[in-house]
Amino acid sequence: QVQLVESGGGLVQPGGSLRLSCAASGRTFSMHDVGWFRQAPGKEREFVAAIIWSGSNTYYADSVEGRFTISRVNAENTVSLQMNSLKTEDTANYYCAAKYGGKWSEKEKLQEYKYWGQGTQVTVSS
């Protein structure tokens, strides 16, 4: 079993930065791929970024490429999402999720993730 708790959300002005954290419990967490997803009001939940279990490979949605960085420290059971140059359209509830036993090629698919956190709100506004 893996339990995930997000933190670090808040209010920030356009162009600012936030660092989100995902704290995990469970001895098998280091074997899981982790993804960040977000959902804005009136929109479907969308993929943001993913990191493979080993941390050796990452992938980003086009909308955040070059601005966001996902990382993990398996020894600490944590995954982070550094968000820079934030835009108003980044406003959403951000979720971390974990999957095990699937294909890396399916990292963008919500259905592949078994474990989900409760989300942390990010609001980008002037």
Side-chain angles (χ1 to χ4, degrees):
Q1 292 295 121
V2 174
Q3 297 182 43
L4 307 171
V5 180
E6 304 95 336
S7 63
L11 175 65
V12 64
Q13 293 184 324
S17 299
L18 280 177
R19 185 177 181 86
L20 306 183
S21 295
C22 177
S25 62
R27 294 180 178 179
T28 63
F29 176 70
S30 62
M31 302 179 186
H32 289 69
D33 301 337
V34 174
W36 282 96
F37 296 80
R38 66 187 183 187
Q39 187 168 25
K43 295 184 178 180
E44 296 184 350
R45 191 168 298 185
E46 65 175 359
F47 172 80
V48 176
I51 186 165
I52 200 166
W53 63 271
S54 65
S56 63
N57 201 7
T58 59
Y59 183 76
Y60 301 91
D62 290 343
S63 59
V64 306
E65 179 72 44
R67 298 188 298 120
F68 291 10
T69 302
I70 188 171
S71 62
R72 70 189 299 167
V73 181
N74 283 340
E76 301 292 336
N77 271 18
T78 59
V79 175
S80 297
L81 184 69
Q82 179 66 45
M83 306 185 296
N84 299 325
S85 301
L86 284 163
K87 306 174 181 179
T88 55
E89 49 262 47
D90 293 319
T91 295
N93 203 356
Y94 283 71
Y95 302 84
C96 65
K99 68 182 184 74
Y100 175 80
K103 297 180 179 179
W104 178 240
S105 61
E106 299 177 338
K107 54 191 173 292
E108 296 179 84
K109 299 175 63 176
L110 282 72
Q111 302 93 319
E112 294 298 306
Y113 292 83
K114 181 178 181 179
Y115 304 102
W116 291 81
Q118 294 301 304
T120 184
Q121 180 66 37
V122 172
T123 302
V124 184
S125 177
S126 59

Original post:
Is the distance between the ring centroids of Y113 and F37 under 6.0 Å?
Top reply: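 Centroid distance Y113-F37: below 6.0 Å, so yes.
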
With a 6.0 Å cut-off (strictly less than), is the heavy-atom count around [atom1] of [X], excluding the residue itself, greater than 12?
{"X": "Y100", "atom1": "OH", "answer": "no"}
{"X": "Q118", "atom1": "CD", "answer": "no"}
{"X": "Q3", "atom1": "CD", "answer": "no"}

Subject >> Partner set under salt bridge (Lys or Arg N to Asp or Glu O under 4.0 Å) for R38, not counting sequence neighbours >> reply: E46, D90

Original post:
So do the side chains of K87 and V124 get within less than 4.5 Å of each other, counting heavy atoms only?
Top reply: no

**OP:** Is it possible for you to say whether Y115 and Y94 belong to one hydrophobic cluster, with membership spreading through side-chain heavy-atom contacts below 4.5 Å?
**Re:** yes

**OP:** Drop me the distance from I70's CD1 to Q82's CD, to the nearest 0.5 angstrom.
**Re:** 12.0 Å

Original post:
To the nearest 0.5 Å, what is the distance between CD (E6) and SG (C96)?
Top reply: 4.0 Å

Original post:
Which class fits the ring pair Y95 and W116: parallel under 30°, tilted 30 to 60°, perpendicular over 60°?
Top reply: perpendicular

[X] side chain to [Y] main-chain N or O, any donor-acceptor pair under 3.5 Å?
{"X": "N57", "Y": "A50", "value": "no"}
{"X": "K109", "Y": "E106", "value": "no"}
{"X": "D33", "Y": "W53", "value": "yes"}

**OP:** List in chain and number order the residues that pass side-chain hydrogen bond (donor to acceptor under 3.5 Å, both in side chains) with S126, two or more places apart in sequence or in another chain; answer none if no residue qualifies.
**Re:** none

